[in-house]
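Everything numeric here is computed off the predicted structure, so don't read it as measured data. Only heavy atoms go into these numbers, but all of them, side chains included; no hydrogens, no water, no symmetry mates. Counting convention: from 1, in listed order, for ligands and their atoms alike.
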Amino acid sequence: MCGIIGIENNKNASTLVSAGLVTLQHRGEESAGITINGKYGMQTFKAMGLVSRIFGEEISYDKLVGSSAIGHVRYTTSSNSSLINAQPFQINCIHGNIAIAHNGNITNFLKIKESLLKKGAIFSHTSDTEILLHLIAMSKGCIQTVIENSVRKLQGAFSLVILKDETLIGVRDENGFRPLVLGKVKDSYILASESSAIEVIGGKYIRDICPGEIIIIKNGKIQNSFIYKKNKKQNTCIFEQVYFSRADSLVFEQTIKAARVKMGEYLAEQMKNIKADIVMPVPDTGYFAALGFSRASGIIFENGFIRNHYVGRSFIKPSQNLRALVAELKLRPISDVVTGKEIILIDDSIVRGTTSKVLINSLRKTGAKKIHFALSCPPIISSCYYGIDTPKKENLIAANNTIENIKKHLNVDSLTFLSLQNLVNSCCANSINKNIFCTACLTGKYPTKISNNLSHESGSI
Ligand code: SF4
């Protein structure tokens with residue numbers, strides 16, 4: 001999972017990109033980078049860790065002088081966790097200096113990489129994004145033709161911001177898996193993964209970049225914008241709304257917060273026969289669904305967990321045993337909220353079930369009388385190949401167990417998943433066409449062909 005942002009025609013480009021990256025930090029805490037084009041030419045600065053620690057502390061803003069910049073935050077699996085795969089990637093090729101920041105996962109990259117290797121290409125990263133650098137370097141024509149011809153060869157998920165001198169280019173794959181939005185601050189255009197990153201720097205959201213669109217921006221003007229590849233159906237990731245995107249970001253004409261409140265309202269309808277003393281969220285993503293549940297059911301909303309904000313994702317490298325320890329450190333129940341209560345506990349989803357088991361166990365130890373566990377999405381039964389780091393199918397609890405078995409394993413009194421129809425209705429309440437989502441991890445129906453040897457450890461997620 002990654003967050004990307006780009007801005008042009010602004011003397012404060014690096015500061016604004018860095019502020020945007022802090023806003024997108026939830027999309028990746030592992031590494032961050034900024035490429036700036038200015039009086040020293042094009043330069044890229046990147047490091048492992050959080051944006052606020054890297055820029056201003058490790059890398060001084062005095063070095064980041066220029067009027068066009070792109071930025072990237074990254075999260076991926078531990079095996080791929082190294083500075084060499086941090087983005088943006090910058091190259092010097094026949095077309096000059098070009099930098100790219102990518103969110104998504106290119107599903108045919110192994111095939112393209114193999115054919116590039118046969119032609120003598122040299123690879124220095126393990127990220128899928130690197131193939132795009134080679135395709136660009138080998139293409140002929142103006143920058144628009146070069147980008148168009150290169151991205152036409154890609155399959156899978158890719159939202160891109162590209163910097164070529166002072167020109168900012170945005171690309172979204174024809175399925176529109178990952179988000180990319182356009183905004184404006186004064187005379188500068190901004191491209192970003194989420195609208196909240198535009199608003200935080202004083203800009204205004206204009207529109208989503210369409211699936212299959214390329215947009216070219218220079219000197220505060222949109223030079224061109226066109227659909228390079230049409231698709232019969234849009235397949236935007238529904239999980240962005242369940243979990244990944246920030247609650248204040250806009251998607252399909254409503255905030256993510258509004259969608260999550262609706263998920264909670266639908267859950268309350270599905271669970272109308274269950275009585276409880278309180279409804280409480282698993283922080284943070286369960287918060288708005290619990291609020292919606294409380295409003296719809298009349299059951300009191302309570303915050304029953306204290307969150308330790310000093311335990312980051314990268315604090316301990318992921319492994320099954322240590323995940324449980326991280327969950328224990330992160331969230332602790334508040335006894336006077338929980339003890340003796342019949343609780344409706346709301347979380348966004350169950351992946352492996354490790355975190356949920358730890359949390360439920362801690363609630364039991366604190367004296368909860370009954371626990372009804374509710375999830376604001378259906379069971380996750382398949383892996384994602386489009387840029388979300390879900391584990392392999394054998395590690396997904398819902399792919400290998402019945403609901404009854406999961407209920408017993410978690411030691412809860414009832415277990416309810418939001419129905420797919422109710423999830424879709426929540427996510428596009430203002431849209432007539434509801435057939436616009438990828439739901440592959442919930443249904444096993446993938447909108448694109450998936451190569452058998454595609455690994456979760458190779459993507460630029
Ligand atoms: Fe999103 Fe799931 Fe589709 Fe991946 S498989 S893009 S997580 S809906």
*Asks:* Could you list the atoms of ligand 1 found under 4.0 angstrom from a heavy atom of Ile388?
*Replies:*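 Counting from 1, the qualifying ligand atoms are 7 (S).
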*Asks:* Compare every heavy atom of Leu410 with every heavy atom of Lys357, then report the nearest pair and how far apart it is.
*Replies:*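 Heavy atoms of Lys357 and Leu410 come nearest at N-CD2, 3.8 Å.
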*Asks:* Checking a contact table here: which protein heavy atom is nearest atom 6 (S) of ligand 1, and how many Å away?
*Replies:*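 It is Arg178 NH2, 3.3 Å.
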*Asks:* Check whether any side-chain heavy atom of Val181 sits under 4.5 Å from a side-chain heavy atom of Ile206, and report yes or no.
*Replies:*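 No, their side chains stay 4.5 Å or more apart.
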*Asks:* Please determine if Lys113 forms a cation-pi arrangement with Phe123, meaning its NZ or CZ atom is less than 6.0 Å from the six-membered ring centre and no more than 45° off the ring axis.
*Replies:*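 Flagged: Lys113 positioned over aromatic ring of Phe123.
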*Asks:* Is there a donor-acceptor pair closer than 3.5 Å between any side-chain N or O of Thr236 and the backbone N or O of Gly176?
*Replies:*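 Side chain of Thr236 to backbone of Gly176: a pair is present.
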*Asks:* Nearest protein heavy-atom contact for atom 3 (Fe) of ligand 1: which residue, which atom, what distance?
*Replies:*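 Minimum-distance protein heavy atom for atom 3 (Fe) of ligand 1 reads Cys438 SG, 2.3 Å.
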*Asks:* List ligand 1 atoms under 4.0 Å from Cys237, heavy atoms only on the residue side.
*Replies:*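 The list of qualifying atoms is 1 (Fe), 6 (S), 7 (S), 8 (S).
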*Asks:* Please report the shortest heavy-atom distance between Ala121 and Leu117, naming the atom on each side.
*Replies:*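 Looking at all heavy atoms of both residues, the closest pair is O-CD2, 3.6 Å.
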*Asks:* May I ask you to list the atoms of ligand 1 that are less than 4.0 angstrom from any heavy atom of Phe239?
*Replies:*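 Near Phe239, meaning under 4.0 Å from one of its heavy atoms, ligand 1 has 1 (Fe), 7 (S).
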*Asks:* Give the residue and atom name of whichever protein heavy atom lies nearest to atom 4 (Fe) of ligand 1, and the separation in Å to one decimal.
*Replies:*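 Going by distance alone, atom 4 (Fe) of ligand 1 is nearest to Cys384 SG, 2.3 Å.
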*Asks:* Which ligand 1 atoms does Tyr386 reach within 4.0 Å, using its non-hydrogen atoms?
*Replies:*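 Contacts of ligand 1 toward Tyr386, numbered from 1: 6 (S).
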*Asks:* Give me the residue, atom name and distance of the protein heavy atom closest to atom 2 (Fe) of ligand 1.
*Replies:*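 Sorting protein heavy atoms by distance from atom 2 (Fe) of ligand 1 puts Cys441 SG, 2.3 Å first.
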*Asks:* Would you please say whether a donor-acceptor pair under 3.5 Å links the side chains of Lys262 and Gln254?
*Replies:*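 The criterion, which ignores hydrogens and geometry beyond distance, is satisfied for Gln254 and Lys262.
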*Asks:* Quick one: does ligand 1 sit under 4.0 Å from the side chain of Lys445, the backbone, both or neither, non-hydrogen atoms only?
*Replies:*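 Within the 4.0 Å criterion, Lys445 makes no contact with ligand 1.
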*Asks:* If you take the centroid of each ring, where Trp contributes its six-membered ring, are Phe252 and Phe437 closer together than 6.0 Å?
*Replies:*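 So the answer is yes for these two rings.
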